[in-house]
Protein chains: 2
Amino acid sequence: MTDSAVESTDRKILQLLASDGRMSFTDLGKATGLSTSAVHQRVKRLEQRGLIQGYGATVNHAELGLPLTAFVSIRPIDPSQPDDCPDRIRDITEIESCWSVAGTEAYLLKVRTATPAALEDLLGRIRNVANVSTRTTIVLSTYYENRPVTD
Amino acid sequence: MTDSAVESTDRKILQLLASDGRMSFTDLGKATGLSTSAVHQRVKRLEQRGLIQGYGATVNHAELGLPLTAFVSIRPIDPSQPDDCPDRIRDITEIESCWSVAGTEAYLLKVRTATPAALEDLLGRIRNVANVSTRTTIVLSTYYENRPVTD
DNA sequence: CGTGAAAACGACTTATG
DNA sequence: CATAAGTCGTTTTCACG
């Protein structure tokens, strides 16, 4: 079952914009059978409703000098301490994503660094600032990432 | 150290486009102190060089009817079989990302579903089509995802 | 919510330093 | 590789159904 508050035309627009965030309203109109300004109104509404959270360019991190991707699982060392880990690590720029997860560990991070040494340094900073232990999984190869998933 | 093949202005452009993929060349110019057409040339070059891999809209999956996010670790059951797992699962639309990783398991997937039952069904399909065992970590909350990491 | 038209703005090309 | 100028397409707003 799909959310009835987002109907077919809006879903189509979301799908198209998810795969090409710079598609023009004119082209979106051709693809959906709507006029340019009808599409324009719908997109603005989707943005206001928060269904479109933003637009971004996908950057080639390897070519940019950040070839090392890793997942870092995090567990607080002292369970009696207030757990404000996400706040404490927010400003660490190497962290691309931060989730809280069910299971043995409390948080999962996705990080990008230039070298193994930079990863080592990063892990040290995370442990220090948040008083946590870490478990790291290195990414060997990325088949695909952030593929549009709309249904 | 940063990659000398991508210098400061290009990095700035990449950073700006990573956070706002629909920013106009005019505004990129104002933000970088370059003329519109200079920025235009640089962006086209960044696209051709593959440093910009594409543009996308960030979609609110919860509101779209896919509130459940999970990470699925994958291990082949029969190590003597050819390992074409990524090929076998490529057409499963619930899979947003697919990495091969170092460690006990061979692959890591990020998936989105509507319900726990849909996740159960998805895991069954993955195991069947790729002859693998799975270990699943449920995401409880997303603090942030795909934050621009450019240095 | 849709359309179509008009005005403002940005994209893209070409010529030039 | 940068800039300036001109054309063309897109965005945005508006009045209206």
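Atom-to-atom, CG of A:Leu34 to P of D:dT10 comes out at 17 Å; the value is rounded to the nearest Å. The distance from atom CG of A:Leu28 to atom P of D:dG9 is 18 Å, rounded to the nearest whole Å.
Every side-chain contact (heavy atoms from CB on, under 4.5 Å) that A:Thr142 has, sequence neighbours left out, goes to A:Val139, A:Glu145, B:Trp99.
Taking only side-chain nitrogens and oxygens, B:Arg45 comes nearer than 4.0 Å to OP1 or OP2 of D:dC1.
More than 12 heavy-atom neighbours from other residues, nucleotides or ligands sit within 6.0 angstrom of CD on B:Glu47.
Ion pairing between A:Glu63 and B:Arg49 fails under the 4.0 Å rule for side-chain N and carboxylate O.
At a cut-off of 3.5 Å, with distance as the only test, a side-chain donor of A:Arg127 or A:Thr134 sits close to an acceptor on the other residue.
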Margin query: Using a 4.0 Å heavy-atom cut-off to protein, can you give one letter per nucleotide of nucleotides 8-14 of chain C, 5' to 3': B if the base is in contact, S if only the sugar-phosphate is, - if neither?
Written below: --SSSB-

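The cationic atom of A:Arg88 (NZ for Lys, CZ for Arg) does not lie both less than 6.0 Å from the six-membered ring centre of B:Tyr143 and within 45° of the ring axis.
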